[in-house]
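First up is the structure itself, then whatever we jot down about it.
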Amino acid sequence: METNHAAQIVLNSLRTTAELLPFALILCDQDGNIAMSNQEAERLFGYKRRELMDQPIEVLVPQRFRATHPEMRDGFFADPEARRMGAGRDLYGLRKDGSEFPVEIGLNPFETDEGLFVLSVIVDITERKQLEQQFRATVESAPIGMVMIDGQGSIVL
């Protein structure tokens, strides 16, 4: 009984922590069905948790990417390791109202007694994208030539 009680305390603490985090969490099973989400996921995507439960994760993926998403998901589960998605390409989430927004996604697989799951950490990067566009527009419209180089001396802009 004591061990079960301690495990329940830890589980409740994890649930509380998930609710306090400033980014969306979506837990999916190996079939791509949503098993859990936090309140930030509700705010970000516009769905209540009960609406997302047992739905395919593709409900949060824009239509133009849905056809290829199951294949990518299967590829992830074939080689499950924590990874950051979107490096070198733009990713988008789909809200309940049909609007899209740019996101960064971290995938974190873990094994349970019920099988393999993936915890997706989703961050809305709309503000960052807007600032990048403003910066780029400022540089492009500057009346003098500018060059930006990286730490190795390569021109990046």
Side-chain angles (χ1 to χ4, degrees), residues 3-133 135-136 148 150-152 154 156-157:
T3 303
N4 193 20
H5 179 69
Q8 192 60 44
I9 290 172
V10 170
L11 184 58
N12 288 338
S13 295
L14 289 172
R15 285 185 180 136
T16 300
T17 300
E19 292 305 320
L20 297 174
L21 293 173
F23 37 77
L25 296 177
I26 303 281
L27 180 68
C28 287
D29 64 20
Q30 198 161 350
D31 296 324
N33 296 317
I34 298 171
M36 184 217 69
S37 60
N38 68 350
Q39 68 184 16
E40 183 61 15
E42 285 187 57
R43 187 197 68 74
L44 192 59
F45 290 100
Y47 288 94
K48 296 292 182 194
R49 279 177 244 211
R50 66 183 175 277
E51 294 176 283
L52 289 176
M53 286 297 294
D54 300 319
Q55 293 296 313
I57 190 65
E58 284 78 21
V59 73
L60 304 177
V61 176
Q63 191 66 40
R64 67 184 183 277
F65 302 118
R66 283 189 190 171
T68 58
H69 194 265
E71 184 179 328
M72 286 189 228
R73 184 184 67 237
D74 291 345
F76 174 80
F77 277 106
D79 183 22
E81 61 182 41
R83 63 182 81 156
R84 188 172 158 207
M85 302 302 295
R89 63 186 165 124
D90 292 332
L91 298 179
Y92 295 90
L94 180 67
R95 291 189 177 96
K96 183 178 180 179
D97 67 9
S99 63
E100 294 183 15
F101 59 102
V103 295
E104 278 187 355
I105 302 173
L107 300 178
N108 303 283
F110 62 95
E111 191 71 45
T112 71
D113 291 341
E114 289 82 36
L116 188 59
F117 284 80
V118 62
L119 182 64
S120 301
V121 179
I122 305 160
V123 179
D124 180 351
I125 59 170
T126 301
E127 187 175 317
R128 182 185 336 149
K129 288 288 192 182
Q130 290 169 343
L131 290 172
E132 287 172 1
Q133 288 173 349
F135 174 76
R136 198 169 283 280
M148 185 181 294
D150 65 14
Q152 289 76 38
S154 299
V156 295
L157 181 64

Show me the donor-acceptor pairs within less than 3.5 Å that the side chains of residues 109-117 make with the rest of the protein, sequence neighbours left out.
unit_1, atom_1, unit_2, atom_2, d
Thr112, OG1, Glu114, N, 3.0
Thr112, OG1, Gly115, N, 3.2
Thr112, OG1, Gly115, O, 2.9

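Shown here for Ala24 and Ala41, the closest heavy-atom pair between the two residues is CB-CA, 3.6 Å. For the residue pair Asp124 and Pro102, the shortest heavy atom distance occurs at OD1-O, 3.5 Å. Heavy atoms only, all atoms of each residue included: His69 and Ile57 are closest at CE1-CG2, 3.6 Å. Looking at every heavy atom in both residues, Lys48 comes nearest to Glu51 through N-OE1, 2.7 Å. The two atoms that bring Phe76 and Glu81 nearest to each other are CE1-O, 3.2 Å, heavy atoms only.
Interatomic distance, Arg64 CZ to Glu100 CD, rounded to the nearest 0.5 Å: 4.0 Å. Of the inter-residue distances, the one linking Glu40 atom CD with Ile26 atom CD1 reads 10.5 Å to the nearest 0.5 angstrom. Note that CD1 of Ile34 and CG of Leu60 are 4.5 Å apart. Values are rounded to the nearest 0.5 Å. Gln39 CD to Leu44 CG: the interatomic distance, rounded to the nearest 0.5 Å, is 12.5 Å. In this structure, CZ on Phe77 lies 8.5 Å from CG on Leu107, to the nearest 0.5 angstrom. Atom CG of Asp90 and atom CD1 of Ile125 lie 7.0 Å apart (nearest 0.5 Å).
For the ring pair (Phe, Tyr, Trp, His ring centres under 6.0 Å) test, no residue two or more places apart in sequence or in another chain qualifies with Tyr92.
Looking only at distances, no side-chain donor or acceptor of Asp31 sits under 3.5 Å from a matching main-chain atom of Asn33. Not one N or O on the side chain of Asp29 forms a donor-acceptor pair closer than 3.5 Å with the backbone of Asp54.
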Worked verdict on Asn108 versus Val118 for side chain to side chain contact (heavy atoms under 4.5 Å, CB included): CA-CA 5 Å; Asn108 303 283; Val118 62; 5.6 Å; no
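Counting only heavy atoms from C-beta outward, the side chains of Val61 and Arg73 never approach each other to under 4.5 Å. Contact of the Leu94 side chain with the Gln63 side chain is not registered, since no non-hydrogen atoms from C-beta on lie closer than 4.5 Å.
Annotation: cation-pi pair Arg95/Phe101 present, NZ/CZ under 6.0 Å from the ring centroid and within 45° of its normal.
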